[in-house]
Amino acid sequence: MVANIIDGKAIATSIRQDVKKRVDQLLNKGIQPTLVVIVVGNNPASAIYVRNKIKACHEVGVRSIKVSLSDDTTEQSVLKLIEELNTDTNINGILVQLPLPKHIDEHRILEKISPEKDVDGFHLLNAGRLLSGLSGFRPCTPSGVIRMLELSGLSFEGKHAVVVGRSNIVGKPMALMFLERNCTVSIVHSKTKELASITRQADILVSAVGKPRMISANMVKPGSIVVDVGINRDTDGKLCGDVDFDTVSEVAGWITPVPGGVGPMTIAILLDNTVKSAESTL
Ligand code: GUN
């Protein structure tokens with residue numbers, strides 16, 4: 001079998017076109033959706049992610065303000081900045097790029113962001129809303145995965161979704177979003193025994209662990225949907241996902257590539273969330 005390749009880049013482009021139309025409607029009403037991106041320190045991966053987010057904002061007419069803070073910025077000063085942004089009615093979204101330097105408590109920072117401006121969906125209130133099946137901002141990467149599968153015409157109900165990885169940003173919310181859509185859900189992780197025997201049962205397999213090509217063809221059910229959230233460099237410095245694309249695409253029914261799969265979807269959802277936040281002020 002040769003899998004259908006899910007073109008995340010093309011799907012993200014169509015979402016961005018829709019977002020741009022909504023931005024134009026807001027501009028006609030005198031509102032320019034605005035996202036503030038806060039970066040502390042100089043993590044090279046963060047710099048690339050943030051550059052892509054800012055560029056995407058520009059392309060759809062969302063105003064972005066990047067605040068770059070030095071590595072030795074105090075937690076107190078980041079909290080104070082967020083407090084000011086929370087009360088500024090011109091700001092619709094606040095994103096603090098992770099990871100933060102070790103001396104800053106990530107949880108304290110994320111809890112400071114107003115849940116109404118939490119376009120990353122990381123605030124405990126938004127996490128709780130997801131857990132309880134209530135509406136609220138949802139983390140961009142798992143939302144992007146769901147939207148990508150929906151727009152590819154794939155269904156969820158009754159399927160066994162297996163999520164590899166249990167991070168707060170991807171694995172846990174991903175599992176909840178599949179549950180919300182009536183999947184049977186398993187989360188597997190580094191301490192799981194017989195991991196391959198579980199991944200082989202997956203109708204939908206999502207990998208979000210950050211290990212180059214760890215998902216091999218013998219871990220995948222024939223005809224299944226395989227979603228690769230990983231963005232890694234292999235030992236030759238080549239960009240690759242968690243999934244061994246060349247062999248798994250011979251077994252799976254559907255597969256997302258890296259690059260050009262989940263990555264562009266994450267950014268499209270961030271724009272969508274920012275514009276939703278601006279729309280909610282009307
Ligand atoms: N670091 C890695 N992924 C993300 C993300 O989606 N949002 C933020 N804020 N930081 C990240």
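Just follow the structure's listing: the first ligand is 1, and inside any ligand the first atom is 1.
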Ligand 1 atoms in contact with Leu95 (distance to a heavy atom under 4.0 Å): 9 (N)
Checking side-chain hydrogen bond (donor to acceptor under 3.5 Å, both in side chains) for the pair Asn92/Ser277: CA distance, chi angles, key distance, verdict? CA-CA 6 Å; Asn92 307 106; Ser277 176; 4.7 Å; no
Heavy-atom proximity to atom 10 (N) of ligand 1, best of Leu100, Leu98, Thr141: Leu98
Start with the C-alpha gap between Glu116 and Ser114, add the side-chain angles, then the distance that decides, and say whether side-chain hydrogen bond (donor to acceptor under 3.5 Å, both in side chains) holds. CA-CA 5 Å; Glu116 284 69 41; Ser114 161; 3.2 Å; yes
Below a 4.0 angstrom heavy-atom separation, can you tell me which part of Lys53, side chain or backbone, both or neither, approaches ligand 1? side chain
Just heavy atoms, cut-off under 4.0 Å: does Asp120 contact ligand 1 by side chain, backbone, both, or neither? side chain
Please determine whether a side-chain nitrogen of the Lys or Arg among Asp272 and Arg147 lies less than 4.0 Å from a carboxylate oxygen of the Asp or Glu. yes
With a 4.0 Å cut-off on heavy atoms, is Phe122 in contact with ligand 1? yes
Under 4.0 Å between a Lys/Arg side-chain N and an Asp/Glu carboxylate O for Arg138 and Glu180? yes
Look at Arg213 together with Asp234 and state whether they make a salt bridge at an N to O cut-off of under 4.0 Å. yes
What is the nearest protein non-hydrogen atom to atom 4 (C) of ligand 1, stated with its residue, atom name and distance? Gln97 NE2, 4.1 Å
When Leu85, Leu95, Asn90, Asp88 are each screened for side chain to side chain contact (heavy atoms under 4.5 Å, CB included) with Val36, the one that passes is Leu85
Distance filter under 4.0 Å to Val96 heavy atoms, resulting ligand 1 atoms: 8 (C), 9 (N)
